[in-house]
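Reviewing the structure listed below.
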Amino acid sequence: MKIIADENMPYVDALFGGLGEIEFVNGRNLSAEQVNDADVLLVRSVTKVNAALIEKAHKLKFVGSATIGTDHVDVEYLAQRGIPFTNAPGCNATAVGEFAFIAMLELAQRFAQPLSGKVVGIVGAGNTGTAAAKCLEAFGLKVLLCDPVKAEQGDSRDFVSLDTLIAQADIISLHVPITKQGKHKTWYLFDEARLNQLKPNTWLLNCCRGEVIDNRALIQFKQRRDDVKLVLDVWEGEPNPMPELVALAEFATPHIAGYSLEGKARGTFMLYQTLCNVLGVNADKTLVSLLPPFQFSRVHLQEMPSQSQLLSLSRLVYDLRDDDVKFRGCFATAAGFDQMRKKHTYRREFSAITLQNASLQAPDNLNLLHRLGFNSQVN
Ligand SMILES: NC(=O)C1=CN([C@@H]2O[C@H](COP(=O)(O)OP(=O)(O)OC[C@H]3O[C@@H](n4cnc5c(N)ncnc54)[C@H](O)[C@@H]3O)[C@@H](O)[C@H]2O)C=CC1
Ligand SMILES: O=C(O)C(=O)[C@H](O)COP(=O)(O)O
C-alpha cells in the first residue's frame with residue numbers, strides 16, 4: 001500500500017509505518033502525477049484536494065487531513081468517488097486556545113495593562129473558540145460568545161450578536177471557519193464597515209483564516225487607528241502576507257497557532273485511527289507513547305502566580321515573541337513563510353507542566369491553574 005504524506009506531519013512513520021510504504025511530499029506543491037499510484041493521501045491545510053489532484057488516482061482508498069479546517073478539500077468530490085475522508089476536528093483546539101490566551105498576556109505585558117476586568121468577545125464558539133474561552137474564564141474574565149450557527153442549533157450557552165460583541169468587547173478573538181456562502185458566511189466578516197465599529201483600544205486577534213478580515217481594509221483602518229492592537233497568525237493570500245499589514249501587527253506569526261506538539265500528534269493520530277477503521281485493522285498504537293518528555297515538566301510555585309508570573313510560566317511552553325521576531329525576518333518570500341512553518345519548534349501545551357507546591361492547596365488556586373490546563377500536584 002502506498003501512503004503519500006505531507007512532510008510536515010509528525011509521527012507518520014511511527015503510526016503508519018506498519019501499514020504501507022510511505023512517501024513524504026511537499027504538500028503545497030503536490031502534483032497529480034505524485035498521487036496517481038497512491039492508496040492513501042495524508043495532507044495538511046496547504047494541499048488543495050480536488051478533482052485536478054486526484055482524478056487519476058484510481059487506487060485511492062482514503063484521504064485524511066490532519067487539520068480542523070476543511071476548506072482545502074473538495075469533500076463533495078471525494079464523496080462522489082466514494083473515497084472515505086476524515087479531518088481531525090478538535091486536534092489543535094487547545095493549542096489555538098492557549099495561543100490566543102498567551103497572546104493576550106503578551107499584549108497586557110507590552111502595554112502594562114491588567115488583563116483582569118477586560119471583556120473578551122469570541123467569534124465562533126466551536127472547538128478553538130471554546131478552548132480560548134475556557135482559559136479566559138479560568139482567568140476570571142468575562143467572555144461574550146457570538147455564534148449564530150450554534151445558537152440556531154440550540155446550543156444552550158448564551159450568545160450575543162456580532163454588533164453587541166463589537167460594542168462591548170475590549171478584546172476580540174476570531175475562531176470561525178472560512179465560508180463564502182450562506183447567511184453566516186465569514187469571508188470578509190470583518191470588512192471596512194465592521195472594522196470601523198471597533199471600540200477605541202480594542203485588541204483584535206485572528207487565529208482562524210486570513211480572509212475572515214479584509215486585509216486591505218485592515219491596513220487602511222489600522223493606519224488611522226493606532227489605538228487598535230493586532231495579533232495576526234493567519235493572512236489573506238498565504239503564503240504571501242501583505243508586508244504593510246505585518247508591520248502593523250503587534251504579534252505576527254505564520255499560521256502556527258495550532259502548532260503544539262500535542263496538537264500535531266493528535267491530528268496524525270486521529271487519521272491513523274480512522275484509516276485503521278477503514279482498513280479493518282486493529283489500531284494498536286497509543287498517542288501518549290509518541291510524545292517526548294518536556295524539559296520543564298515540573299515547576300515549583302512558591303505562591304499563586306501574578307499576571308506577569310503567569311506569562312513567565314506560559315513562556316516555558318511557548319514564547320510568542322520568538323516566533324514574532326523570526327517571522328518578521330522571513331515572511332517576505334513564500335519560501336520563508338513555509339520554511340518557518342516546516343521548521344517550527346513545536347511548543348507544548350500547558351498540560352505538559354505539572355505545578356507543585358503546597359500553597360496551591362487552596363481549592364480556588366488549584367482550580368484556576370487546573371482549568372487553565374496545567375497539571376497540578378500538591379506536595
Ligand atoms: N491558525 C491555526 O493554526 C488554526 C486555524 N484554524 C481555523 O479555525 C477555524 C475554527 O476552528 P474550530 O474552532 O476547531 O472549528 P469549529 O468548526 O469547531 O468551530 C467553528 C465555529 O464557528 C461558528 N461559525 C460559523 N460561522 C460563523 C459566523 N458567521 N459567526 C460566528 N460563528 C460562526 C460555527 O458555528 C462553529 O461553532 C477552522 O475552520 C480553521 O479554519 C483551526 C486550527 C488551527
Ligand atoms: O487545523 C487547521 O485548520 C489549521 O489551520 C492547521 O493548524 C494549519 O496547519 P497546517 O495543516 O497548514 O500545517
Side-chain angles (χ1 to χ4, degrees), residues 5-10 26-28 42-49 64-73 87-100 103 121-134 144-155 157 159-166 172-190 194 205-212 231-235 238-239 252-260 262-268 270-271 323 337-338 340-344 346-347:
D6 187 304
E7 62 193 359
N8 290 349
M9 201 180 291
N26 177 321
R28 186 146 347 239
L42 306 176
V43 299
R44 304 203 61 86
S45 73
V46 295
T47 304
K48 299 253 176 295
V49 182
S65 178
T67 57
I68 289 182
T70 54
D71 42 294
H72 53 296
V73 180
N87 64 327
C91 66
N92 46 28
T94 302
V96 175
E98 291 181 2
F99 179 97
I122 302 281
V123 184
N127 288 304
T128 61
T130 302
K134 188 189 105 186
L144 302 174
L145 301 177
C146 165
D147 193 324
V149 183
K150 287 242 184 280
E152 282 169 14
Q153 288 165 350
D155 189 309
R157 291 173 290 179
F159 295 103
V160 298
S161 69
L162 189 53
D163 285 339
T164 302
L165 182 144
I166 292 173
I172 298 176
S173 194
L174 306 180
H175 298 277
V176 292
I178 192 77
T179 49
K180 294 183 183 166
Q181 276 156 5
K183 65 175 172 169
H184 301 307
K185 75 180 165 76
T186 59
W187 186 275
Y188 285 0
L189 183 64
F190 278 70
R194 203 79 87 182
L205 288 76
N206 190 2
C207 304
C208 56
R209 287 290 181 265
E211 291 79 3
V212 172
V231 175
L232 299 176
D233 176 58
V234 288
W235 310 85
E238 288 178 19
T253 45
H255 195 150
I256 44 78
Y259 275 24
S260 67
E262 289 87 344
K264 278 215 161 184
R266 250 180 244 122
T268 315
M270 287 164 85
L271 303 192
D323 270 353
F337 190 97
D338 278 346
M340 184 169 161
R341 305 189 81 218
K342 183 174 175 181
K343 295 193 173 148
H344 192 255
Y346 298 124
R347 65 179 219 255

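Throughout, residue positions are numbered sequentially from 1 according to the sequence presented. Values reported hereafter were calculated over all heavy atoms of this structure, with side chains retained and with hydrogens, waters and symmetry mates removed. Note that the structure is a prediction, hence the values are computed from the model and not measured. In each ligand, atom 1 is the first atom listed, and ligand 1 is the first ligand listed.
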Of the listed options Ile68, Thr128, Asp6, closest to atom 2 (C) of ligand 2 (non-hydrogen atoms):
Ile68

Backbone N or O of Ala125 within a donor-acceptor pair of the Asp147 side chain at under 3.5 Å?
yes

Please determine if Lys183 and Glu152 form a salt bridge, counting it only when a charged side-chain N lies under 4.0 Å from a carboxylate O.
yes

Residues Met340, Asp323; criterion side chain to side chain contact (heavy atoms under 4.5 Å, CB included); working and verdict:
CA-CA 9 Å; Met340 184 169 161; Asp323 270 353; 3.6 Å; yes

Measure the distance from atom 30 (N) of ligand 1 to every protein heavy atom, then report the residue, atom name and distance (to 0.1 Å) of the closest one.
Pro148 CD, 3.6 Å

Per-atom contacts of ligand 1 with His255, taking only distances under 4.0 Å to non-hydrogen atoms
1 (N), 2 (C), 3 (O)

Looking at atom 17 (O) of ligand 1, would you say a protein heavy atom lies below 4.0 Å from it?
no

Is it the side chain (CB and beyond), the backbone, both or neither of Arg209 that lies under 4.0 Å from ligand 1, heavy atoms counted?
side chain

For atom 10 (C) of ligand 1, which protein heavy atom lies nearest, and how many Å away is it?
His175 O, 3.5 Å

Which atoms from ligand 2 have a heavy atom of Arg209 less than 4.0 Å away?
2 (C), 3 (O), 4 (C), 5 (O)

Who gets closest to atom 25 (C) of ligand 1 by heavy atom: Gly124, Cys208, Pro177?
Pro177

Quick one: nearest non-hydrogen protein atom to atom 5 (O) of ligand 2, plus distance?
His255 NE2, 2.6 Å

Write out the residue and atom name of the closest protein heavy atom to atom 5 (C) of ligand 1, then the distance separating them to 0.1 Å.
Cys207 O, 3.2 Å

Val149 neighbourhood, listing ligand 1 atoms whose heavy-atom distance to it stays under 4.0 Å:
25 (C), 26 (N), 35 (O)

Atom pair CG (Asp71) and OG (Ser65), whose distance is rounded to the nearest 0.5 Å:
9.0 Å

Evaluate side chain to side chain contact (heavy atoms under 4.5 Å, CB included) for Asn87 paired with Val73, printing each intermediate quantity in order.
CA-CA 10 Å; Asn87 64 327; Val73 180; over 6 Å; no

I'd like to check Pro254 versus Glu238 (side-chain heavy atoms, cut-off strictly below 4.5 Å). Are they in contact?
no

What protein heavy atom is closest to atom 33 (C) of ligand 1, reported as residue, atom name and distance in Å?
Val176 CG1, 3.4 Å

Atom 12 (O) of ligand 2: the protein heavy-atom neighbour that sits closest, reported with distance to 0.1 Å
Ser45 OG, 2.4 Å

Any side-chain donor paired with an acceptor under 3.5 Å for Thr253 and Asp233?
yes

Going from CG on Asn92 to OH on Tyr259, what distance comes out if it is rounded to the nearest 0.5 angstrom?
9.5 Å

Could you tell me, atom by atom, which parts of ligand 1 come under 4.0 Å of a heavy atom of Val234?
1 (N)

Check whether Arg194 reaches the backbone of Asp163 with its side chain - one donor and one acceptor, N or O, closer than 3.5 Å.
no

So, Asn8 versus His344: side-chain donor-acceptor pair below 3.5 Å or not?
no

One residue to check: Thr128. Relative to ligand 1, which of side chain, backbone, both or neither has a non-hydrogen atom less than 4.0 Å away?
both

Evaluate the criterion side chain to side chain contact (heavy atoms under 4.5 Å, CB included) for residue pair Thr164 and Leu144; output intermediate values, then yes/no.
CA-CA 9 Å; Thr164 302; Leu144 302 174; 5.5 Å; no

Minimum side-chain heavy-atom gap Lys264-Arg44 below 4.5 Å:
yes

Locate the shortest heavy-atom distance separating Thr67 from His72; write the atom from each residue and the value.
OG1-CE1, 3.4 Å

Compare Ile256, Asn92, Val234 and give the one whose heavy atom is closest to atom 7 (O) of ligand 2.
Asn92

Work out whether the distance between some heavy atom of Val96 and some atom of ligand 1 is less than 4.0 Å.
yes

Heavy-atom side-chain contact between Ile122 and His175 under 4.5 Å
yes

Quick one: look up the protein heavy atom nearest atom 23 (C) of ligand 1 and list residue, atom name and how far away it is.
Asp147 OD2, 3.1 Å

Using a 4.0 Å cut-off to any heavy atom of Asp233, which atoms of ligand 1 qualify?
1 (N), 2 (C), 3 (O)

side-chain hydrogen bond (donor to acceptor under 3.5 Å, both in side chains) evaluation trace for Thr94 with Arg266:
CA-CA 11 Å; Thr94 302; Arg266 250 180 244 122; 4.5 Å; no

Taking atom 19 (O) of ligand 1 as the reference point, the nearest protein heavy atom with its distance:
Gly126 CA, 3.2 Å

Looking at non-hydrogen atoms alone, which of Leu174, Ile178, Ile68 comes nearest to atom 42 (C) of ligand 1?
Ile68

Using distance alone, decide if ligand 1 has a nitrogen or oxygen within less than 3.5 Å of any nitrogen or oxygen in Thr186.
no

Derivation of the side chain to side chain contact (heavy atoms under 4.5 Å, CB included) call for Thr130 and Arg157
CA-CA 11 Å; Thr130 302; Arg157 291 173 290 179; 3.0 Å; yes

Go through ligand 1 atom by atom and flag the ones less than 4.0 Å from a non-hydrogen atom of Gly258.
2 (C), 3 (O)

Mark up the atoms of ligand 2 that fall under 4.0 Å of a heavy atom belonging to Gly69, in ascending order.
1 (O), 2 (C), 3 (O)

So is Ala93 touching ligand 1 or not, going by heavy atoms under 4.0 Å?
no

Short N/O distance, under 3.5 Å, between Asp71 and ligand 1?
no

I need the minimum non-hydrogen distance between Cys146 and Leu162, along with the two atoms involved.
SG-N, 3.8 Å

Within the 4.0 Å heavy-atom shell around Asn92, which atoms of ligand 1 are there?
43 (C), 44 (C)

Region of Asn127 that comes within reach of ligand 1 [heavy atoms, distance under 4.0 Å]:
both

Name the closest protein heavy atom to atom 29 (N) of ligand 1, giving the residue it belongs to and the distance to 0.1 Å.
His184 O, 2.8 Å

Per-atom filter on ligand 1: closer than 4.0 angstrom to a heavy atom of Cys146 are 31 (C), 32 (N)

Note: Leu162, heavy atoms under 4.0 Å from ligand 1, region reported as neither

Decide whether Thr186 and Arg209 meet the rule of one side-chain donor and one side-chain acceptor closer than 3.5 Å.
no

